[in-house]
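Protein chains get the first letters and strands the later ones, always in sequence-line order, with residue 1 at the start of each.
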Amino acid sequence: MARRDRGFALATILPALLVLAAIYVYPLLRTIGYSFTDYDLINRTNHFVGFANYVSLFSDPTFYTALINTLALGIAPMLGAFLLGFTEALVLNEITAGSGILRGLVLLPWVVPQVVIAFLFQFMYNPTVGVFNVILKDLGIIRTFQPWLAHPATAPAAVVLAYVWNETPFFMLMLLAGLQSIPNEIIEAAVVDGAGWWQRLWFVTLPQLRRIIAITTILTVIWNFNNFTIIWPMTEGGPANWTLTFSVWVYRQAFQDFNLGYAATIGVLWLGLLLVVTGFYLRAIGGRDEAP
Amino acid sequence: MRRRNASAKIFIGLVALALLSFALLPIVWMCFTSLKTRAELFGAPGRLWPKVWTFSAYRDVLAHSAFPTYFANSVIVNVLASLITVLLATLAGYSFARFRIRGKSVLMLGILAMQMFPSTVLLIALYVFFRRFDLLNTYTALVLSYITHGLPFSVWMMRGFVDAVPVEVEEAAMIDGCRRGGALLRVVVPMMLPGMIAVALFAFLAGWNDLIWALTLTTSPAMRLIPPGFVLTYVGQFETYWNQLMAGSVMVSAPTILVFVFLQRYLVQGLTAGAVKG
Amino acid sequence: MMRNDFMAVTKRAAAALAGTLAILMFAIPSHAASCAGRPQQITFANWAAAETATSKEVTASIAAFEQANPCIHVKMIAIPFADMVSQLTVMTIGNNTPDVMELSSGMPQALAAQGALADLRGYADKALISDIQPSMLQDGEAGGKLVALPLSLTPHGFWYNKGLMTKAGLNPAHPPRTIAALTHDIQVVKAKEPKVFPFAMMTSKGAYTVVVMWPWLQAFCKRPPMADGHLGWTQPCTEQAFAWFQTLAKKHEMPVGNNMKDNRQLFATDQIVFTLDGPYLRGIVSSINPRYAANAAFAAEFGATTVPVGPNGVSHTAIDIHQIAMSAKAADPKAAWTFLRFMVSSPADMRDFIIPEGGLPPLTSLQQRFSADLAQPYQQAWVKEIIPEAVPIPYNPTWYRASNDMVNALQRVVNGSNVKTTLAALEAALKRIYPHFRS
């Protein structure tokens with residue numbers, strides 16, 4: 001590369017790298033540092049304690065609760081949103097009249113701000129005036145109004161439904177773009193070969209969409225893992241930690257209990273877990289990087 | 001192959017209708033609730049449309065709460081953060097696309113991994129940092145933190161967009177006497193404009209959704225953004241003001257919906273560029 | 001620098017626009033009384049201003065203060081009730097504690113531990129102190145200092161729905177006075193009126209759940225499960241109390257998972273018979289159900305008395321009152337104290353804010369002075385029975401950390417988890433927070 005180009009490359013890349021270092025690398029290193037201390041803003045302690053936090057974290061039953069909840073609330077909504085979003089994409093791909101308007105309308109849940117979603121669903125689940133209760137009672141499914149966000153079995157499901165509502169359009173958008181990029185000849189060839197609708201879907205369409213499905217699902221799972229905006233106003237991790245995810249737990253430890261050392265330890269372990277998932281993501285879009 | 005029999009058409013129509021109601025019911029419910037009186041909210045739960053249509057909830061939100069302040073703050077922080085994100089991402093994306101750089105693939109992978117970092121984890125150290133330098137309750141801290149929402153992914157998106165611009169165009173400009181920077185500005189940037197819009201939208205939407213940074217880095221009401229304003233305003237000690245909450249929701253959703261309706265194709269293009277072709 | 005200027009200008013423009021809009025819409029005239037000396041500003045963090053129902057009242061009271069003290073301007077910081085402790089802690093850590101704060105029981109101890117609150121003994125005169133019931137004063141003490149004064153007396157009392165009691169064949173003139181009688185009446189109501197909840201208690205998220213549960217724990221236990229350096233969650237009386245909650249939940253005699261507000265809606269619409277709540281419930285009921293807006297209609301339907309006594313034999317409601325405190329680092333302590341004293345002791349504040357909000361004046365002399373405004377039967381129950389018997393909850397600096405675990409245990413139990421093992425796990429969890437407490 002020419003000398004002048006080298007200077008140019010440096011001058012353009014460096015600002016981004018410096019900012020990333022300031023807002024990602026620096027806090028990460030500091031957080032790792034805190035995880036070896038008993039930094040506590042209420043008890044006003046800040047000493048080096050070695051691996052003590054890690055030891056007590058592994059013996060803390062809440063850690064395993066949070067681990068299971070984070071996984072469940074990461075994966076379950078993704079599955080639901082994938083099924084609904086894929087159906088939407090297939091329908092929109094078939095419809096010719098009014099598909100633009102239809103696409104715009106089903107897209108709305110993705111653009112509604114998440115904090116609005118959190119309160120909207122909380123309102124719909126409300127045990128005294130919620131529309132969810134009214135509809136289920138009218139349909140004869142329940143006899144009395146239920147506090148959906150307060151029962152161990154229904155609280156996680158209620159949260160999942162809110163996530164699914166929010167994320168379905170994202171799958172629709174991505175998969176519709178994918179469907180539209182499948183060359184017509186491939187499908188027509190399958191029709192000529194006598195393949196039925198299900199066979200075409202299974203053997204032709206899905207393999208063509210493999211990459212986009214991989215990216216979309218993994219991105220969604222990671223977004224769910226990190227979600228705070230919906231789950232915090234809805235449940236704050238309750239009732240009795242049944243919807244406690246790492247995101248909520250770290251926030252609670254750090255900014256309600258101001259127990260920064262322990263919060264940092266949870267964060268570090270959780271980040272390790274996320275990097276494993278990210279590894280899968282990178283493999284899914286691998287090959288991208290070899291392009292010049 | 002597009003010809004279908006009538007029953008298939010009806011089936012597709014029904015599925016479309018079901019999906020449409022799933023998407024729209026909560027939104028319709030939100031709009032109608034915002035137009036109800038408080039008495040009706042408790043008096044006739046579940047009634048979809050209001051018996052008495054009233055804008056009183058909107059008036060209360062605008063008059064009694066600091067909503068206009070929150071709104072102004074949200075716009076300022078998110079617009080600034082998106083602009084900075086676009087600027088940084090365009091420059092870096094360009095050079096990552098055009099030059100051979102040692103360790104590039106490792107760098108790019110590292111940057112992508114950053115997008116997966118949970119805010120809650122970054123927040124602990126940045127909170128302590130901002131506190132030490134007296135930056136809590138400032139736009140500086142908020143804008144800097146809001147860049148975390150989109151920058152890593154944006155670098156990737158911009159790189160993909162630059163890749164799609166043929167090198168020849170640029171070389172022609174450089175033969176005509178432009179320097180590299182001039183060629184970038186005059187030839188590449190206009191061609192990448194859709195990509196830049198996509199990146200800006202992506203960053204803006206991610207920031208508009210943020211709660212945790214805004215909740216933690218600001219405590220003074222004058223600096224509050226919309227999401228914490230929501231969490232910290234309508235849920236009272238004695239009662240929750242659902243009609244006001246829903247009126248606020250409508251007002252907060254409307255701008256993003258409008259922005260999106262006009263600019264969505266750019267975002268879709270940006271998000272799918274890498275995924276569909278690859 | 002330039003960017004800061006730009007942002008400041010943009011922000012000012014936006015604020016100006018919003019302000020103009022508000023003025024155009026409501027045309028509020030401003031009557032600024034003139035100040036002869038140096039104008040001062042103090043900040044007042046409170047949740048009253050955060051809520052439509054009370055913001056008008058607290059604003060009226062502050063207008064009266066500014067009228068009387070034209071040199072002191074009070075700037076409101078509205079924070080919702082549930083976020084008060086965490087927001088004030090964040091502010092204290094960020095070195096911008098508000099000058100004066102509206103607090104609720106338990107909060108003074110949490111904030112005092114961080115050195116956030118001023119010792120008011122240096123400011124309050126003897127006459128003021130002796131005008132306050134000692135137990136109410138005690139609720140604002142932390143580490144030997146008096147860090148908060150009562151602002152509004154709002155302990156929970158035992159509310160009952162007379163109409164529903166009559167329907168179920170119970171005598172509303174004799175509400176249950178013991179836990180045994182209450183349990184009996186609950187079963188009678190459930191059998192006769194299966195559609196209503198005979199009993200209600202908050203079991204949702206939030207530290208407030210512990211406050212609501214505490215009087216029942218006191219009814220069952222001589223020494224509550226957390227007091228004076230002791231943990232007693234596994235003592236038999238605590239287990240009995242939790243077993244009682246569990247049975248009520250299992251038989252659908254109380255709603256599970258409702259928060260206070262949900263229960264108030266049910267109570268206001270005649271779906272709950274017995275519950276504990278503050279005196280302000282009267283205002284909430286009439287705002288939800290206009291049928292009970294008139295005093296006579298309300299008194300005919302609802303009554304209030306002290307918490308039923310348990311095996312313990314004494315009725316103690318837990319002190320859960322609104323308090324007021326000032327920052328240890330107030331920029332102008334004198335102005336802050338002037339305001340604080342006004343809020344606690346001025347008749348104008350009682351008339352404009354405390355009584356309309358549904359609380360009782362903190363000073364005994366003021367209760368007498370406003371006796372005409374406190375003549376309703378339910379108010380008399382508070383003045384004569386409930387307030388004199390109220391005792392403080394044994395709060396400590398890390399109470400809020402611990403309350404999370406206590407709420408979790410309660411939620412597990414009402415959802416069917418084994419009482420003994422859940423309480424043993426709670427005791428173990430609290431041992432981590434209070435390593436020096438004895439079991």
Participant: Is it the backbone or the side chain of B:Leu123 that comes under 4.5 Å from a heavy atom of chain A, or both, or neither?
Facilitator: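 For B:Leu123, the contact with chain A is made by backbone and side chain together.
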
Participant: Against chain A, label B:Met114 side chain, backbone, both or neither, depending on which of its atoms sit under 4.5 Å from a heavy atom there.
Facilitator: both

Participant: Restricting to pairs with a member in residues 15-28 of chain A, which pass side-chain hydrogen bond (donor to acceptor under 3.5 Å, both in side chains), not counting sequence neighbours?
Facilitator: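 Qualifying pairs, neighbours excluded: A:Tyr26-A:Arg30.
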
Participant: With a 4.5 angstrom heavy-atom cut-off, is it the side chain or the backbone of A:Ile230 that approaches chain B, or both, or neither?
Facilitator: neither

Participant: Between chain A and each of B:Leu88, B:Ile212, B:Leu126, count heavy-atom pairs under 4.5 Å; write down the option with the most.
Facilitator: B:Ile212

Participant: Determine the interplanar angle of the B:Trp242 and A:Phe123 rings, folded into 0 to 90°, and report it as parallel if under 30°, tilted if 30 to 60°, perpendicular if over 60°.
Facilitator: parallel

Participant: Considering all heavy atoms of both residues, which atom of B:Pro118 and which atom of A:Leu271 are nearest to each other, and what is their separation?
Facilitator: CD-CD1, 3.4 Å

Participant: Please tabulate, for the side chains in residues 111-120 of chain A, all donor-acceptor contacts under 3.5 angstrom to protein atoms that are two or more places apart in sequence or on a different chain.
Facilitator:
unit_1   : atom_1 : unit_2   : atom_2 : d
A:Gln114 : NE2    : A:Asn166 : OD1    : 3.0

Participant: Let me know if B:Ile111 has heavy atoms under 4.5 Å from chain A in its side chain, its backbone, both or neither.
Facilitator: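 The answer is the side chain of B:Ile111.
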
Participant: Are B:Ile147 and A:Val19 close enough that some pair of their side-chain heavy atoms sits under 4.5 Å apart?
Facilitator: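 A side-chain contact exists here, since the closest heavy-atom pair is under 4.5 Å.
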
Participant: Where does A:Asn227 contact chain B at under 4.5 Å (heavy atoms): side chain, backbone, both or neither?
Facilitator: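 A:Asn227 has no heavy atom closer than 4.5 Å to chain B.
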
Participant: B:Thr90 versus chain A, heavy atoms under 4.5 Å apart: side chain, backbone, both or neither?
Facilitator: neither

Participant: Tell me, for B:Thr256 versus chain A, whether the close heavy atoms (under 4.5 Å) come from the side chain, the backbone, both or neither.
Facilitator: both

Participant: Shortest non-hydrogen contact from A:Leu274 to B:Met116?
Facilitator: CD1-O, 3.6 Å

